[in-house]
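Chain letters run A, B, ... following the sequence lines, proteins first and then strands; every chain starts at 1.
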Amino acid sequence: MLDIKFIRENKELIKAGAKKKHITFNVDKLLEWDDRRRASLATVERMRTEQNIATEKIGNSNNESDKARLIEEMQTLKVKLKEEEETLKKVMQRWKTLMLEVPNIPDMSVPDGESDEDNKEIKAWGEKTSFEFDPKDHVEIMNNLEMVDFERGTKIHGFRGYYLIGDGARLSWAIWNYANDFFGAKGFLPMIPPAIVRKENLYGTGHLPNEADDVYNTQDEDYLIGTAEIPITGYHSGEVLKKEELPKKYLGFSPCFRREAGSHGRDTRGLIRVNEFFKIEQVILCEANHEESVKWHEEINRNTEEFIESLGIPYHTVINCGGDLGQGQVKKYDIELWVPGENKYREISSASYFHDFQSRRFNIKYKEGDPNPEDGQREKPRYVHTLNSTAIPTPRILVSLVENFQQADGSVKVPEVLQKYFGKEVISKN
RNA sequence: GGAGGGGUGGCAGAGAGGUCGAAUGCACUGGUCUUGAAAACCAGAGUGCGGGAAACUGUACCGUGGGUUCGAAUCCCACCCCCUCCGCCA
């Protein structure tokens, strides 16, 4: 959600932004409805003023005939007022629907492009792993080491089902525990949020209305989260925070559910694309200025890079092009890990900032706890800025981990930093 | 799931159809007094939307959405949330 006043004054910016994001959105139509909204609102308010004045007279008057006359006048006015209120209500509905579709404006530094294929590499770290033997892909490696069971996974869950078993499960625990220590040391407050949430929260983050096909919902019309970003960003909804308590830095751990509707043919094998997984997520609420957003965006992305570097997995970072940005995102970086079996990088992390797009929908504000009285003006509450980034997802991380650290005998070396969490140096058959 | 009680400003808590954006207390801000502070006293202070360059002004907001009425915090209906008790349960 953007500020309607801003939209009114900057419609060319909105148009250019939508074009860059390859999103179809008609600003002129919104502004037409905004004109209608304001006209109708003015009419309604004029009638209410009249009504309020008459009401006061009726209450104060002792003259019965005056009263009777006024009441009769107001009965007539009331009919007209109701009609106009109906009009206003309809206009507001249309207006709100359109407001929810306004895309946020991408940053200048976002490259043009249509899809993830047009994202630009801005950094590459580590040597792409080379092998002196025929490397296997993660499905084969993990099957051989009895870390995963896809057959029974699909028997129980269906398409895209899996069980992590034995060292597959243990390795997941090791990663979670390591990540919890690693990111916890960077000043984040750990959080285990609800994974079933009211739909307002998906509107808040911007996952609704546009991504309705990709989310699961319940018979109570609640939704299963696809990311902890949803309940954590919504954590402070409707609140006015103190400026001094910003930034809020949260590290959420949650299951994530994605229907993957529309990607039935893609990544049908293995652990890359599954319907349920776990993810540790960084979420930040900060003061409302662009430099703050940029600073924290760089930082949370760098946090994940550092984490991957500590594991020793080759990766590159891309800046996402306009067409690969979500409706609310201003700018996004993806970190992609090298997957030898596919001979390409695969996304593991996504860091983006939204300015006040989400906080307007969630109504999260802040103000100075200690106002400066010199000019007599208390600082107005402002909407916070929000950002989020993956810390680490499992089991997707296992794909590149086992493929890059596989050895000739079929075993997998455990990255040094994980060894104390995992308890062994090597994953092997026995 | 069943029975009962309740949601009012930052907090506590009145109000039970018109004089209510809402008493009172606490907290907060400014001032008077004071060497300084406390106390006391005086004054001020919410948010959204519309109009206005601004001062300011109109309107809405007493959990949410409807309804009754000339007029609703107050009456009616539905929903949400919280509390107590019973049942079920990791």
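- Taking a cutoff of 4.0 Å between a charged side-chain nitrogen and a carboxylate oxygen, A/D267 and A/R160 do not qualify as a salt bridge.
- Nucleotide B/rC75 is matched to B/rG67 when pairs are restricted to Watson-Crick or G-U wobble geometry with both distances under 3.5 angstrom.
- Among the heavy atoms of the strands lying under 4.0 Å from A/R8 are primed sugar atoms or P, OP1, OP2 only; no base atom is included.
- The nucleotide B/rA60 finds its pairing partner in B/rU47, both defining distances of the Watson-Crick or G-U wobble pair being shorter than 3.5 Å.
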Base-contact (B) and sugar-phosphate-only (S) positions in nucleotides 63-80 of chain B, heavy-atom cut-off under 4.0 Å, - elsewhere: ---S-SBBS--------S

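- Pairing for B/rA54 is absent, judged as Watson-Crick or G-U wobble with the two contacts each under 3.5 Å.
- Using modelled atom types, one side-chain atom of A/Q282 and one backbone atom of A/I300 make a donor-acceptor pair closer than 3.5 Å.
- With both ends at atom P, the span from B/rG63 to B/rA72 equals 16 Å, rounded to whole Å.
- When both distances must be under 3.5 Å, the Watson-Crick or G-U wobble mate of B/rC85 is B/rG2.
- B/rG6 and B/rC77: their P atoms are spaced 15 Å apart (whole Å).
- Note on A/E305 versus A/R302: salt bridge recorded, some NZ/NE/NH1/NH2 to OD/OE distance being below 4.0 Å.
- For the C1' atoms, the distance linking B/rC20 with B/rA14 amounts to 12 Å, nearest Å.
- Comparing B/rU69 with B/rU64, their P atoms are spaced 23 Å from each other, to the whole Å.
- The gap from the P atom of B/rA73 to that of B/rU59 amounts to 14 Å, rounded to the nearest Å.
- With sequence neighbours excluded, the residues forming a salt bridge (charged side-chain N to carboxylate O under 4.0 Å, His left out) with A/D137 are A/R269, listed by chain and number.
- When the P atom is compared between B/rG9 and B/rG65, the two are found 15 Å apart, to the nearest whole Å.
- Between A/I364 atom CD1 and B/rG48 atom C1' the separation is 17 Å, expressed in whole Å.
- B/rC41 is paired with B/rG31 under the Watson-Crick or G-U wobble criterion, all donor-acceptor distances under 3.5 Å.
- Aromatic ring centres of A/F362 and A/Y383: separated by at least 6.0 Å.
- In this model, the phosphate group of B/rG58 is not approached by any side-chain N or O of A/N52 to a distance below 4.0 Å at OP1 or OP2.
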Verdict with reasoning, A/K279 to A/E281, per salt bridge (Lys or Arg N to Asp or Glu O under 4.0 Å): CA-CA 6 Å; A/K279 184 159 60 67; A/E281 178 85 4; 2.6 Å; yes

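- Taking atom CG of residue A/D34 and atom C1' of nucleotide B/rC49, one finds them 11 Å apart after rounding to whole Å.
- For B/rG58, neither phosphate oxygen OP1 nor OP2 lies less than 4.0 angstrom from any side-chain nitrogen or oxygen of A/R46.
- With a 6.0 Å cutoff to the six-membered ring centre and a 45° limit on the axis angle, A/R36 counts as a cation-pi contact of A/W33.
- Atom C1' of B/rA38 sits at a distance of 46 Å from the matching atom of B/rG17, rounded to the whole Å.
- Separating the P atom of B/rC26 from that of B/rC80 is a span of 40 Å, rounded to the nearest Å.
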